[in-house]
Protein chains: 2
Amino acid sequence: MDRIDYKILAALHDNARISISEISRMIAMSQPAVTERLRKMEDQGVITGYRAELSPTKLGKHTTAFVLFKSNSCKEFEAFGEASPEIIDLYRTSGEYNYLMKVVTESSETLAAFLDACHVFGFSTTLVVLSTRFEDKSLVEGIED
Amino acid sequence: MDRIDYKILAALHDNARISISEISRMIAMSQPAVTERLRKMEDQGVITGYRAELSPTKLGKHTTAFVLFKSNSCKEFEAFGEASPEIIDLYRTSGEYNYLMKVVTESSETLAAFLDACHVFGFSTTLVVLSTRFEDKSLVEGIED
DNA sequence: CCTGAAAATATATCGCC
DNA sequence: GGCGATATATTTTCAGG
């Protein structure tokens, strides 16, 4: 993992569908060399996947919320969580609550219905997202030459 | 936006570097037709980008936390937020706190230093992530044939 | 580890239905 | 909207430093 690897990661974080040839031009290295470095980073698990980012709004999902949750039937709650399409992210956390989840629903009504379903497993505090300032800032610094 | 479009989105959410030819084989449609549908969804903003997902741990970032923040100097705080590489996501929220951010740092020590820097702008409650059950579940259902 | 060249794939751009 | 055919790019593979 040297500076060249970080540049490759930065390019792919910015646009995961960029061609390897284009990266190779950007960093002035042959295309097979970039391919090989990339393959190694994938094998090592530095890169965990490539995802298209979709607009919730354009897909009819107009409400995003973070739900803090306290459950004492963790196993059941986690099974419920995996089966719930509304839950996009699920984390175990320290503090008064033991879970935090990001929830995306069509409307505040469907959010309320989802929360009702959750309350079989424990209790919650909900923070509704009013606006997203930014998301998915890169973990790798834009290293300049 | 019909079922075919959803299948294309599902494929790209699962693997953003899949070739269009491979998608066209999966859904039994010609490659130019898939290319055209994809171009339209990009133009309409249904797809907002393509991102490589990186492993924080493999990049030396061992601490993830969600920080609830209350600030009454919002403008200054947001400028600080954009300039802080530790803040991966930043949201405005309803409730007692007006911001929620996802923060990724090398260690709990660097998290503490970051929180100290934040406290110029307001006060915070921090939930440290103990483990990630899942992240980035697809917004589009895996529609079966 | 890297480069360079050649073979195999993939994508962009047609004209046509 | 979608298809097939073709031209251009890209990726894979591999011999050689």
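Being a predicted model, the structure only gives us computed values, none of them experimental. Chain naming here is simple, since letters A, B, ... match the order of the sequence lines and numbering starts at 1 in each.
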Notebook entry, point to check: Should the pair B:Arg92 and B:Tyr99 be classed as cation-pi, given the thresholds of under 6.0 Å to the six-membered ring centre and 45° from the axis?
Noted result: yes
Can you measure [X] atom [atom1] to [N] atom [atom2] for me and round it to whole angstrom units?
| X | N | atom1 | atom2 | result |
| --- | --- | --- | --- | --- |
| A:Met26 | D:dT10 | CE | P | 14 Å |
| B:Arg25 | C:dT11 | CZ | P | 9 Å |
| A:Arg17 | D:dT10 | CZ | P | 13 Å |
| A:Glu22 | C:dA12 | CD | P | 12 Å |
| B:Leu38 | D:dG1 | CG | P | 16 Å |
| B:Met1 | D:dG1 | CE | P | 14 Å |
| B:Ile4 | D:dG1 | CD1 | C1' | 10 Å |
| A:Ile20 | C:dC2 | CD1 | C1' | 16 Å |

Checklist line | Spatial distance of atom CZ (A:Arg37) from atom NZ (A:Lys7) [nearest 0.5 Å] | finding: 11.0 Å
Next item on the list: On the 0 to 90° scale, with breaks at 30° and 60°, tag the A:Phe69-A:Phe77 ring pair as parallel, tilted or perpendicular.
Entry: parallel
Notebook entry, point to check: So, is A:Ser19 close to the D:dA9 phosphate, meaning a side-chain N or O under 4.0 Å from OP1 or OP2?
Noted result: no
Next item on the list: Report yes if a side-chain nitrogen or oxygen of B:Arg39 is closer than 4.0 Å to either non-bridging phosphate oxygen (OP1 or OP2) of C:dA12; otherwise report no.
Entry: no
Among [options], which is the nearest nucleotide to the side chain of [X]?
| X | options | answer |
| --- | --- | --- |
| B:Ser30 | D:dG1, D:dC3, C:dT11 | D:dC3 |
| B:Ala33 | D:dG2, C:dC1, C:dG4 | D:dG2 |
| B:Ser21 | D:dT10, C:dT3, C:dA10 | C:dA10 |
| B:Gln31 | C:dC1, C:dT11, D:dT12 | C:dT11 |

Checklist line | Among B:Ile88, B:Thr63, B:Val67, side-chain contact (heavy atoms from CB on, under 4.5 Å) partner for B:Val103 | finding: B:Val67
Checklist line | Test item: B:Thr64 and B:Thr132 side chains (from C-beta on) under 4.5 Å apart, heavy atoms | finding: no
